[in-house]
Amino acid sequence: MSEFQKKFDKAIINIVSNIPKGRVMSYGEVARAAGFPRHARMVSKAMSRSSKPLPWFRVVRADHTLAFAAHSEYFIKQKKLLSREGVLIINGKVVPLQTDKNKMLDEVLWGPE
DNA sequence: CCCTTGACTATCT
DNA sequence: GAGATAGCCAAGG
């Protein structure tokens with residue numbers, strides 16, 4: 001394993017494992033939060049290499065769609081895992097189950113900031 | 001080295 | 001808003 005992967009994986013895994021239940025982050029956001037901007041495409045590989053289980057299903061594309069091919073095995077699996085915690089996929093896009101009516105959709109999705 | 005491959009993104013049409 | 005396009009960047013062949 002390259003030195004890059006060692007540090008990268010550690011940082012990515014740390015971020016992903018801390019995504020709260022019912023919330024999602026984009027690959028780019030995870031990469032940025034981990035201190036590796038422009039490495040969105042490598043986030044998935046880091047997660048795959050993780051030895052411990054991760055809430056990988058809480059990571060979606062920046063446009064709110066799932067990264068897996070529609071109808072693929074993992075697409076179905078991710079959709080199910082997310083719906084289990086109140087995050088639904090409608091028309092291929094992530095939509096949170098109605099929660100706080102006073103919050104804007106983006107805030108419910110991506111959190112207050 | 002050069003080329004291809006992604007669980008990606010931002011920016012046009 | 002769905003496609004196409006051009007960046008992106010480490011890995012592997």
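Residue numbers start from 1 in every chain, and the chains themselves are labelled A, B, ... in the order their sequence lines are given, proteins ahead of strands. None of the values given here were measured: they were computed from a predicted structure. When reading the values below, keep in mind they use all heavy atoms of this one structure, side chains included, and skip hydrogens, waters and symmetry mates.
For Arg61(A) (side chain) and Ala67(A) (main-chain N/O), a donor-acceptor pair under 3.5 Å exists by modelled atom type.
At most 12 heavy atoms of other shown residues, nucleotides or ligands fall within 6.0 angstrom of atom OH in Tyr74(A).
Between His71(A) and Phe75(A), the two ring planes are parallel [angle under 30°; tilted spans 30° to 60°].
The side-chain heavy atoms of Met47(A) and Val30(A), taken from C-beta on, include no pair separated by under 4.5 Å. With a 4.5 Å cut-off on side-chain heavy atoms, Val59(A) and Leu54(A) do not count as touching. At least one side-chain heavy atom of Ile13(A) sits less than 4.5 Å from a side-chain heavy atom of Lys52(A). In this structure, the side chains of Phe57(A) and Arg84(A) stay at 4.5 Å or more apart for every pair of heavy atoms. Counting only heavy atoms from C-beta outward, the side chains of Ile76(A) and Lys79(A) never approach each other to under 4.5 Å.
In this structure, Lys7(A) places its NZ atom 13 Å from P of dA10(C), rounding to the nearest Å. Whole-Å rounding puts the Glu73(A) CD to dA7(B) C1' distance at 14 Å. When the P atom of dA10(C) is taken as reference, atom CZ of Phe8(A) falls 10 Å away, rounded to whole Å.
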Nucleotides 11-13 of chain C: which of its N/O atoms have a protein N/O under 3.5 Å away?
residue : atom : partner : partner atom : Å
dA11(C) : OP1  : Ser2(A) : OG           : 2.5

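Rounded to the nearest Å, the gap between the P atom of dG7(C) and that of dA7(B) is 22 Å.
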What does the B/S/- profile of nucleotides 8-13 of chain B look like, 5' to 3', with a 4.0 Å heavy-atom cutoff to protein? BSS---

